[in-house]
Asks: 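My questions will all concern the structure given below.
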Amino acid sequence: MPASDTPIDGINQADLLDREWFATQVAQRINAAGIGPSVVFGLSGDWGASKTSALNLIKNALEDVDHDGWTVVFFTPWAVSDPYALAEEFYRTIASAMPKLQGAAVRTALNAAAPALAAGGKALLQGVFNRYAGEGTLQDIGKAFGDTAADKAGEFRIEEDPFAKRFKKIEEEIEKLDIRVLVVVDDIDRLHQDELLAVMKAVRLLGRFNGVHYLLSYDIQTVTDVLTRSDLAGGDPRRAERYLEKIVQYPFELPPIQLLHLRRVINDQLRELAARTGYALGEGTQHLDIILEQLPLDSLTLRTVHRLIAQTDIMLSLATDRKVSTSLPSDEIDLVDAVLLTYLRLEYPQLYRALRLWKRELTRREGSSIDTDEERDRADQWRTRVAKLVDPEAKDEYVTARAYTALRALFPESVPGDRKDYRTTPDAAPLQIRQSDYFDRYFAFGFPTNDLRDAAVRAELIHLISTGELPSNSLISAHVDKAETAQLLHTKIRTLLPPALDEITDVTHFGAAAITLTNAATKQERRQPTRHSWWAIASFHLWLEIEACKGPEQAKEAITTYLDEFGTEIAAIALDVGRDQIAPGTDLWAAAQPIRDRIHDEFVTALLDNDPEMQDPSPVARKWHWVYSWPSLREQIRDTIRHRTANIGLDLIGIATRLVTVNARPGSTSYYLVAFSIDDLKELVPEDEWPSDQIPKQMNPDIDMRDLSYTNRREFAANVIFTARQDIPNDDA
């Protein structure tokens, strides 16, 4: 039978190349039985070895053109409600194999015999076998059979003959049809003791028609264990084996699937799953190799693989947004992590349940330690925790090793590598379970109520940067000030804005988008800004895109508009996000000149202000950070001070007074003066430019540190200069 990628009865032949030859050989031996006496064949294999798939291959091989006249039917005993009805269903199955026209009479007889057998089923099951059945069993069956069948046979009239004669008449009619029937009985290892014995007896006694053969499928160890517990074997395993040998005349053992073909099955199914759920697993990607490397292929079967992929598929589908037709799992969950976590859930449920309790530890990025002993101790601790859950009695170290490998693949920054395991772990990527913000998604089997969909945030960001405005039902506006979701929203904006920008080519509204996002921030966020503020990061990236697409002049226009809207402090914070990307001489540095000019003007104005009222207790402190961060700005400020004081003279003490700041002790509303660094003063006015007549000659001991008046501050500033010139620690100032 040639290999093909065409599905047959739901089985992809390419997945089972190593089984096709086996199926062909079995089919040839069954075919040799022909229309002769009934033969019982057996197909044994471990649970999960895909015996059902092999049965389908055998069926198709047997029905091939080289084997004319075969009809294959499947008898499902474990689907019957009780063992007494099993015999009835058994005959109905055989009847279904009869030809529609020529076999009508036989089909009628078999269907008539079915309810009769149900009536005689109890007698059948109560018989104690000796060869076929114990003494008196056949008579009991015959009586029950005759009482019921006599009124059911229709045209095919069964006289009041002994059971064997009635059985023979049906057999003769079947032989006249010259047909070959194979009754496949799958999964008999699922049956309870009495059900299993009923099947064995039905096959051996009630179905021995010439030309009707049987193929039983089972896990031999399970069937032997069930038979051993029956009265038939009396607890003797060897007696149970001999009984099975008497029933099954030609046993075949299913060969294990080869590792190469198992990898192919996983590969093909993952690719199909990825294509259906939106994941890009093109040639050359690491995903498939990574998954295959983490899974213990030596312990997987076709059944466990099919179950793993099916369960992963369900998990992914539940993560989608049912309200959005275009929602895909790839927008919300990492495929590699979904497969590995599903593997843990199916194979090691105790470990899976513990993961949620370990969230803090698993999502804390420990990284690798340079101390090998410390790293080894951490690995041993984690391995011990895993072992207690998956192999508490220490029966098989490989069980722990397999579970540990999958756990480390999910959380490589937190769970150290085992010194015996050199597998490559997945690289960091968006949406992974190792990230605290995404961890809960993998356990929700749906979507957590306090989570925000990445696809929804990204779609809104695309709308914003395309139009400059948030939609009327803005998700960002709704969650930006919610305690439960605000921090999560900020994180998603920071991480999802770059990919959203990649989807937009028209930067016309990027400047407006930066203003809209910053306006969306709460007043508290803008009052205490930091360079890690979400709106600052977003604004800088938008300016960067404008400069890259439209040039420095367009970027300068957008930055100036932003500066006019929010002022120096907010604009400087946004610019400072990219301090490593906007070195002097770059186009964006030139585009940001308005911010530096505004800082320069405001700083110099505050520094040279002679207003004795001192409305601002720390007039230059908030701007000093920017002056210190940009050396060229300090140079510009020094030049401006020289220029503006050239004619009116330099007031050194006045400049120093503006450098004095005020502070309050924790928990107090009482403010006090804080000395400045003499080096800051030297940065603004080089020491060799200090007027000698303004350098204090002595200390003023009468300084009240709580007096914030201009006069007192000026005296305090003079003391700072005096102590610095005298090399006296200014703690005494």
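In this text, all values refer to a predicted model and were calculated from it rather than measured experimentally.
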Asks: Can you list everything that forms a ring-ring contact (aromatic ring centres under 6.0 Å, His included) with Y279? Sequence neighbours excluded, please.
Replies: none
Asks: Just how far is it from atom CD of E547 to atom CD of E553, taken to the nearest 0.5 Å?
Replies: 11.0 Å
Asks: For residues 510-521, which residue pairs pass the side-chain hydrogen bond (donor to acceptor under 3.5 Å, both in side chains) check, not counting sequence neighbours?
Replies: T518-S539, T518-Y562
Asks: Under the criterion salt bridge (Lys or Arg N to Asp or Glu O under 4.0 Å), I'd like the reasoning laid out for D639 against R642: C-alpha separation, chi angles, the key distance, then a yes or no.
Replies: CA-CA 5 Å; D639 290 342; R642 292 190 190 101; 2.8 Å; yes
Asks: Can you confirm whether L608 sits close enough to V604 that some side-chain heavy atom of one is under 4.5 Å from a side-chain heavy atom of the other?
Replies: yes
Asks: With rounding to the nearest 0.5 Å, note down the distance linking CG in L355 to CG in L410.
Replies: 7.5 Å
Asks: Assess whether salt bridge (Lys or Arg N to Asp or Glu O under 4.0 Å) is satisfied between D331 and R458, documenting all intermediate values.
Replies: CA-CA 9 Å; D331 293 326; R458 186 172 64 250; 2.9 Å; yes
Asks: Looking at side-chain heavy atoms only, is the closest gap between T568 and W626 below 4.5 Å?
Replies: no
Asks: Would you please test V480 and L489 for side-chain contact (heavy atoms from CB on, under 4.5 Å) and show each step?
Replies: CA-CA 7 Å; V480 74; L489 174 66; 4.0 Å; yes
Asks: Tell me if a side-chain donor or acceptor on Q694 pairs with a main-chain N or O of L652 at a distance below 3.5 Å.
Replies: yes
Asks: State which residues pass salt bridge (charged side-chain N to carboxylate O under 4.0 Å, His left out) with K550; sequence neighbours excluded, sorted by chain then number.
Replies: none
Asks: Just checking, any donor-acceptor pair under 3.5 angstrom between side chains of T522 and E525?
Replies: yes
Asks: Salt bridge or not for D440 and K359, using N-O below 4.0 Å?
Replies: yes
Asks: Quick check: does any side chain N or O of T320 sit under 3.5 Å from a backbone N or O of L316, one acting as donor and the other as acceptor?
Replies: no
Asks: Okay, side chain of R634, backbone of V627: is any donor-acceptor separation there less than 3.5 Å?
Replies: yes
Asks: Is the backbone of E484 close enough, under 3.5 Å, to the side chain of N450 for a donor and an acceptor to pair up by distance?
Replies: no
Asks: Is the side chain of S474 donor-acceptor paired with the backbone N or O of L470 at a distance under 3.5 Å, no angle test?
Replies: no
Asks: Assess the residue pair Q432 and D337 against the criterion (side-chain hydrogen bond (donor to acceptor under 3.5 Å, both in side chains)); give the C-alpha distance rounded to whole Å, side-chain angles, the decisive distance to 0.1 Å, and a yes or no.
Replies: CA-CA 7 Å; Q432 289 177 318; D337 285 4; 4.7 Å; no
Asks: Between W690 and V685 (side chain of the first, backbone of the second, donor and acceptor by atom type, cut-off under 3.5 Å), is there such a pair?
Replies: yes
Asks: Would you confirm whether R441, through its side chain, and E332, through its main-chain N or O, come within 3.5 Å as a donor-acceptor pair?
Replies: yes
Asks: Does D707 have any salt bridge (charged side-chain N to carboxylate O under 4.0 Å, His left out) partners at least two apart in sequence or in another chain, and if so, which?
Replies: none
Asks: Among residues two or more places apart or on two chains, list those pairs meeting side-chain hydrogen bond (donor to acceptor under 3.5 Å, both in side chains) that have a residue in residues 577-591.
Replies: D576-R579
Asks: Between D651 and R714, is there a side-chain N and carboxylate O pair less than 4.0 Å apart?
Replies: yes
Asks: Please assess F566 against I573 for the test side-chain contact (heavy atoms from CB on, under 4.5 Å), listing each intermediate value before the final yes or no.
Replies: CA-CA 11 Å; F566 299 109; I573 285 284; over 6 Å; no
Asks: Please tell me if the side chains of L461 and I476 come closer than 4.5 Å, counting only heavy atoms from C-beta onward.
Replies: yes
Asks: Atom CD in E557, atom CD1 in I559: separation rounded to 0.5 Å?
Replies: 11.0 Å
Asks: Mind listing the closest non-hydrogen atom pair of I655 and L681 along with its distance?
Replies: CG2-CD1, 4.0 Å
Asks: The criterion is side-chain contact (heavy atoms from CB on, under 4.5 Å); which residues satisfy it with L318, sequence neighbours excluded?
Replies: I314, F445
Asks: Under 3.5 Å, is there a donor on one side chain and an acceptor on the other for Q524 and R527?
Replies: yes
Asks: Go through it in stages, so that I can follow the logic: the residues are R364 and E413, the test is salt bridge (Lys or Arg N to Asp or Glu O under 4.0 Å), and I'd like the CA-CA distance, side-chain angles, deciding distance and then a yes or no.
Replies: CA-CA 8 Å; R364 184 174 61 232; E413 288 94 352; over 6 Å; no
Asks: Please name the pair of heavy atoms, one in I678 and one in A724, separated by the smallest distance, quoted to 0.1 Å.
Replies: CG1-CB, 3.6 Å
Asks: What pair of heavy atoms forms the shortest contact from W534 to R494, and how long is it?
Replies: CB-NH1, 3.8 Å
Asks: At their closest point, which heavy atom of G654 faces which heavy atom of Y710, and how far apart are they?
Replies: CA-OH, 4.4 Å
Asks: Looking at W543 and A571, what are the two nearest heavy atoms and their distance?
Replies: CH2-O, 4.1 Å
Asks: Can you find a pair of side-chain heavy atoms, one from K492 and one from L488, that are under 4.5 Å apart?
Replies: yes
Asks: Does R453 make a cation-pi contact with F447, if we ask for NZ or CZ under 6.0 Å from the ring centre and within 45° of the axis?
Replies: yes
Asks: When you compare the side chain of W535 with that of P529, does any pair of heavy atoms fall below 4.5 Å?
Replies: yes
Asks: With side-chain hydrogen bond (donor to acceptor under 3.5 Å, both in side chains) as the test, would you mind laying out the steps for D334 and Y438 before giving the verdict?
Replies: CA-CA 10 Å; D334 180 82; Y438 293 96; over 6 Å; no
Asks: Decide, yes or no, whether a salt bridge links R725 with E687 under the criterion of side-chain N to carboxylate O below 4.0 Å.
Replies: yes
Asks: Rounded to the nearest 0.5 Å, what separation is found between the CG atom of L341 and the CZ atom of F439?
Replies: 8.0 Å
Asks: Would you find a donor on one side and an acceptor on the other, under 3.5 Å apart, between the side chain of S327 and the backbone of V324?
Replies: no
Asks: In plain terms, say whether E683 and R638 are close enough for a salt bridge, that is, a side-chain N and a carboxylate O under 4.0 Å apart.
Replies: yes
Asks: Within this structure, what is the CG-NZ distance for the pair L633 and K623, rounded to the nearest 0.5 Å?
Replies: 12.0 Å
Asks: Could you tell me whether the side chain of S414 and the main chain of F411 form a donor-acceptor pair under 3.5 Å?
Replies: no
Asks: Passes side-chain contact (heavy atoms from CB on, under 4.5 Å), R713 versus R658? Steps please.
Replies: CA-CA 9 Å; R713 288 166 69 114; R658 265 63 185 182; over 6 Å; no
Asks: Are any of the side-chain nitrogens in K682 or D688 under 4.0 Å away from the carboxylate oxygens of its partner?
Replies: no
Asks: Answer whether the closest heavy-atom distance between the side chains of F510 and L501 falls below 4.5 Å.
Replies: yes
Asks: How many angstroms lie between atom CE of M705 and atom OG of S670, to the nearest 0.5 angstrom?
Replies: 11.5 Å
Asks: Under 3.5 Å, is there a donor on one side chain and an acceptor on the other for S466 and H509?
Replies: no
Asks: I462 and A500: which non-hydrogen atoms are nearest, and at how many Å?
Replies: CG1-CB, 3.9 Å
Asks: Is there a donor-acceptor contact under 3.5 Å from the side chain of E375 to the main chain of P416?
Replies: no
Asks: Less than 6.0 angstrom from the centroid, inside 45 degrees of the normal: does R385 satisfy that with respect to the ring of W358?
Replies: yes
Asks: Run Y671 and L708 through side-chain contact (heavy atoms from CB on, under 4.5 Å) and show every step you take.
Replies: CA-CA 8 Å; Y671 289 90; L708 307 184; 4.0 Å; yes
